[in-house]
Amino acid sequence: MQVDKARSFIGRFSHQSDLSESLTLLCKKESIRLGVFSVIGAVTSAKLGYYDQESQFYVTCVDLAEKLEITSCAGNISLKENEIFIHAHITLADHSGHCYGGHLMPGSSIFAAEYFIQELEGEELHRVFDRQTGLSLWA
Ligand code: ZN
């Protein structure tokens, strides 16, 4: 489907706040119902998910209690049960440059995080349960 660019937001999230929660709260505060975003910065701990395709459950693949660089965090904003819902994936690097990656879960604490959010205009995208994958996907 075709979308158009709407408002853009750039800024920084608060030290020690939760990354996933900060993204959701900002989107709700600004009523961003459709969009894409990126974040770079650093965390003091992180929780990443991995979707097990066989069991169709998210498993916490990495629970990291260490200081890491957010080398990339990208995601999208759409609607799930008519609520603003963010979906983000993240790559984190340690002191030697080795990376961890996965689905961003609640429980990643910000050291510093700079975001860019691009709101999009178009038809609303609603996530609905998909029997084949067990995931809430765009209808
Ligand atoms: Zn994901």
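Both backbone and side-chain heavy atoms feed into the values below; hydrogens, waters and symmetry mates do not. All ligand and atom numbering here is 1-based and tracks the order in the structure.
- To the nearest 0.5 Å, the span separating NZ on Lys67 from NE2 on His95 amounts to 12.5 Å.
- A search for salt bridge (charged side-chain N to carboxylate O under 4.0 Å, His left out) contacts involving Glu119 returns Arg7, not counting sequence neighbours.
- Excluding waters, the set of protein N/O/S atoms under 2.8 Å from the Zn ion (ligand 1) reads His87 NE2, His89 NE2, His103 ND1.
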> Yes or no on side chain to side chain contact (heavy atoms under 4.5 Å, CB included) for Phe9 and Ile32, after CA distance, side-chain angles and deciding distance?
Replying inline: CA-CA 10 Å; Phe9 299 82; Ile32 305 167; 3.5 Å; yes

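- Classified by interplanar angle (parallel below 30°, tilted 30° to 60°, perpendicular above 60°), the ring pair His103/Tyr58 is tilted.
- Partners of Glu123 according to the salt bridge (charged side-chain N to carboxylate O under 4.0 Å, His left out) rule, which considers only residues two or more places apart in sequence or in another chain, do not exist here.
- Residues Val3, Leu34, Val36, Leu120, Leu125, Trp138 make up the rest of the hydrophobic cluster containing Met1, defined by ILVMFWY side-chain heavy atoms closer than 4.5 Å, directly or through other members.
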